[in-house]
2 protein chains.
Amino acid sequence: MDYANLPPAEIRKLIREKQITGPTAGHALGYAQANLAILKKEHAFDFLLFAQRNPKACPILDVIEPGEVAPKGIAKDADIRTDIPKYRVYKKGVFVEEVTDLYDYWSDDFVCFLIGCSFSFENALLNNEIDVRHISEGCNVPMYKTNIATTPAGLFEGPTVVSMRPIPEADVVRAVQVTSRFPSVHGAPLHIGNPETIGIQDLSKPDFGDAVTIKEGEVPVFWACGVTPQAIAMHVKPDLMITHAPGHMFVTDIRDEHLGIL
Amino acid sequence: MDYANLPPAEIRKLIREKQITGPTAGHALGYAQANLAILKKEHAFDFLLFAQRNPKACPILDVIEPGEVAPKGIAKDADIRTDIPKYRVYKKGVFVEEVTDLYDYWSDDFVCFLIGCSFSFENALLNNEIDVRHISEGCNVPMYKTNIATTPAGLFEGPTVVSMRPIPEADVVRAVQVTSRFPSVHGAPLHIGNPETIGIQDLSKPDFGDAVTIKEGEVPVFWACGVTPQAIAMHVKPDLMITHAPGHMFVTDIRDEHLGIL
């Protein structure tokens, strides 16, 4: 199957029918994908406020209110209980199991947060002929905990996690311009250059994901990462929290380009 | 006193001491000012979600959590109970009184929303030598109810209110560019040209504010207006809601330019 050229609704249908069970990178190419974080209503205001205060790390694309199952703003006919290939369940901050649908866990007091994902701005970099190293090396993006504190909200607080992409010196300005256009998928970089400034000791040892090659004449460029809100929500050890499994995203009906603010 | 050149903290101090009691336009020039909406905690999640879904009409600059009085993200040492020259109190959607501080009403379950105000992008237009008609005519900006529905959240729903500024044809593109830079103070226009398309029958009869002259060769340009969230919150008829009095804004420590995303 040519998943890259299927429309998002078809991809979601195949996921719902459990015919797609793997990572969604490259599926319905040109359409935005989203991270998922599900919390019970009691934590929803604080988490939404946390997102509002930390929009680079936690850009909200849509929120599903209690009792509903579709993120109507980004995919009207979807069902969040079935339309992601793999979910992760955490109880009191501890990973419990991976599941392929949420029927056994679903509750009418769930609030589901769909959070922008870097795939959209990576497509924009590629369209500008800027190499995205972890894609060309076929591995996961390297991610690092930093000394950049998030702005707390209620119980939610902790360090910002960043992703890193090595960019040739000559393309750094363009990389800033291209990603600045997309604030709802992490936007402009948080930091350019010296990793130690933001508390990263060794680029070859990422906290999450895989190390990538940094070539002569390339500058490490750091963007706020969607792992931040999950890591921070986990830190609060809520009774129950559900997320997508890494790389197994929600495919939206929103074209990447529609997220461009200019 | 030269209020235009006083720093924001000085302006707030004079307001707190009730030495400034009038409108704040032009005070601490170059610094962003904010609209205020105070609701009780029970409505806070829905209102924050409404804002997240309608960022052009309701761009949140900061939120004060229950039990606190300072919008720490935009003015660390401020006290929201005293630092606005005039407040309006509404009970069940009905205007009750104007007050100059909130000591008689303050409650520890209040959530205060500070919402971006068009003063910042008007300064940007003026800096680009684009006339802002209601400023040059010394009146209030004309505002209109439209047929553009907001995206509901919980109880909050209703029509978008827009403000209108007549722009010379030759400057329309620049006006879009300049205001697109400032998404947190309403951002790019919602509509350019024919008022009837968005349900406005007669530009000479605004629903709020004052009519302004539209000269030959000028195009009416419409931006989402900060009156929208207040009008919609009012529609819900909450037991208690407090806002700033029109034109009597909260002066923040954030420079207009720092709100520019590019």
Trainee: With a 4.5 angstrom heavy-atom cut-off, which part of B:V111 approaches chain A: side chain, backbone, both or neither?
Mentor: side chain
Trainee: Using 0.5 Å steps for rounding, measure from the CG atom of B:L48 to the CZ atom of A:F47.
Mentor: 12.0 Å
Trainee: Which atom pairs, one donor and one acceptor, sit under 3.5 Å between chain A and chain B?
Mentor:
unit_1: A:Q52; atom_1: NE2; unit_2: B:I60; atom_2: O; d: 3.0
unit_1: A:R53; atom_1: NH1; unit_2: B:E65; atom_2: OE2; d: 2.8
unit_1: A:R53; atom_1: NH2; unit_2: B:V63; atom_2: O; d: 2.4
unit_1: A:I60; atom_1: O; unit_2: B:Q52; atom_2: NE2; d: 2.9
unit_1: A:V63; atom_1: O; unit_2: B:R53; atom_2: NH2; d: 2.4
unit_1: A:E65; atom_1: OE1; unit_2: B:G154; atom_2: N; d: 2.9
unit_1: A:E65; atom_1: OE2; unit_2: B:R53; atom_2: NH1; d: 2.8
unit_1: A:G154; atom_1: N; unit_2: B:E65; atom_2: OE1; d: 2.9

